[in-house]
Number of protein chains: 2
Amino acid sequence: MNSGRFAISVHILTLLTFSEDEWKSSEYLAGSININPVLVRKELGNLRERGLVLSKEGKSGGSRLAKPADQIFMSEVYEAVKQKDLLGKGINSPNPACPVGRMINDHLDSLYDDAEKTLLASLGKVSLSEFCKKFD
Amino acid sequence: MNSGRFAISVHILTLLTFSEDEWKSSEYLAGSININPVLVRKELGNLRERGLVLSKEGKSGGSRLAKPADQIFMSEVYEAVKQKDLLGKGINSPNPACPVGRMINDHLDSLYDDAEKTLLASLGKVSLSEFCKKFD
DNA sequence: TGTACTGTAATAATAAAAGTTACAGTATGA
DNA sequence: TCATACTGTAACTTTTATTATTACAGTACA
């Protein structure tokens with residue numbers, strides 16, 4: 001999975017949790033994370049597609065949570081961010097003339113799927129509001 | 001985690017399982033995986049440090065499993081391969097002037113640790129010999 | 001209608017991963 | 001004992017992925 005983007009997304013959501021009902025600009029968010037505002041806007045786009053945040057264009061626009069923080073789970077953030085599969089599905093092109101090489105990607109895929117299900121179950125137990133309690 | 005390396009290591013171990021008691025050269029292994037023999041030797045070095053394989057130098061040298069395939073677990077392979085943490089520990093340098101930025105890495109770390117424990121538990125249920133049964 | 005935003009494309013800079021070459025070291029066995 | 005077939009590892013190059021930057025059109029507000 002894409003390492004830094006999960007952290008960025010959780011960071012964004014945490015900041016938005018601490019200012020629920022306010023529209024926060026990408027520049028403000030980028031200031032706390034210490035990254036470029038354009039990256040923040042890209043992540044917000046992701047989170048928006050998944051229904052986790054809302055954004056408003058124009059002056060006094062910005063972003064806020066799309067639903068209460070106790071209804072947002074870390075598994076959703078993981079899903080929003082994930083592109084590649086957990087352990088790296090089928091990146092190699094094994095030799096098809098070898099019985100192991102010919103089949104290994106399929107078998108690795110099913111191993112990965114199981115592992116990822118477990119991971120999602122674990123992340124699904126932690127809500128954004130629980131995570132944010134740690135800051136108090 | 002490092003995507004392709006897990007697949008390479010499992011591939012290596014699978015090939016060694018199907019020829020237990022034989023010393024296989026890095027070139028042979030590289031042929032099935034379809035990668036460079038030097039990369040294979042690097043992975044073998046990793047697996048060797050973790051006690052999963054043995055290697056023999058010199059003519060008619062090569063590598064083989066260090067213990068029976070039913071005593072090797074996918075969690076061990078994961079540990080052997082892992083360098084970075086699962087979801088990417090502390091890559092960002094958040095703004096320490098922001099209360100969220102100042103603490104978030106610690107809180108993310110504990111989230112990651114829990115998630116990784118779950119993942120390891122899941123991978124720990126699958127032995128190399130079980131994995132290899134899929135090929136029959 | 002100027003201003004402060006978003007959204008997104010295009011590009012550049014940086015970092016990480018993979019591949020390659022090279023070669024010293026080591027057992028083997030002819 | 002010495003050519004051979006390996007390992008182990010360093011140094012380097014290439015490739016690919018990530019991150020950052022610049023730029024600008026579109027939008028809403030006051």
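Small disclaimer: the values here were computed from a predicted structure and weren't measured. Chain naming here is simple, since letters A, B, ... match the order of the sequence lines and numbering starts at 1 in each.
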Basic-acidic side-chain contact under 4.0 Å: Glu20(B), Lys67(B):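 Looking at Lys67(B) together with Glu20(B), the answer is no, because their closest N to O distance does not fall below 4.0 Å.
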Is Glu43(A) paired with Arg41(A) through a side-chain N to carboxylate O contact shorter than 4.0 Å?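 Salt bridge: no.
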DNA chain C: 5'-proximal contact among Ser26(A) and Leu39(B) (nearest heavy atom):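 Result of the comparison: Ser26(A).
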Take Lys59(A) and Leu44(A), find for each the nucleotide of DNA chain C with the closest heavy atom, and name the residue whose nucleotide sits nearer the 5' end.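 That would be Lys59(A).
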Nucleotide nearest [X] when distance is taken to its side chain, options [options]:
| X | options | answer |
| --- | --- | --- |
| Glu57(A) | dT7(D), dT27(D), dA18(C) | dT27(D) |
| Ile35(B) | dG19(C), dT6(C), dC6(D) | dG19(C) |
| Arg41(A) | dT6(C), dA20(D), dT28(C) | dT6(C) |
| Val38(A) | dT19(D), dA23(D), dT7(D) | dA23(D) |
| Ser55(B) | dA18(C), dT7(D), dT19(D) | dT7(D) |
| Ser25(B) | dT21(C), dT7(D), dG7(C) | dT7(D) |

Most 5' of Ser60(A) and Pro37(A) on DNA chain D, judged by nearest nucleotide: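 Per heavy-atom nearest nucleotide, the more 5' residue is Pro37(A).
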Shortest non-hydrogen separation from Ser75(B) to Gly124(B) and the atoms involved: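 Ser75(B) and Gly124(B) have their closest heavy atoms at OG-CA, 3.3 Å.
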Quick one about Ser63(A) and Lys56(A) (side-chain donor to acceptor, distance below 3.5 Å, no hydrogens or angles considered), yes or no?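 Short answer, no.
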Could you check whether Lys56(B) gets within reach of a base, just the sugar-phosphate, or nothing at all, counting any heavy atom under 4.0 Å?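 Contact class for Lys56(B): sugar-phosphate only.
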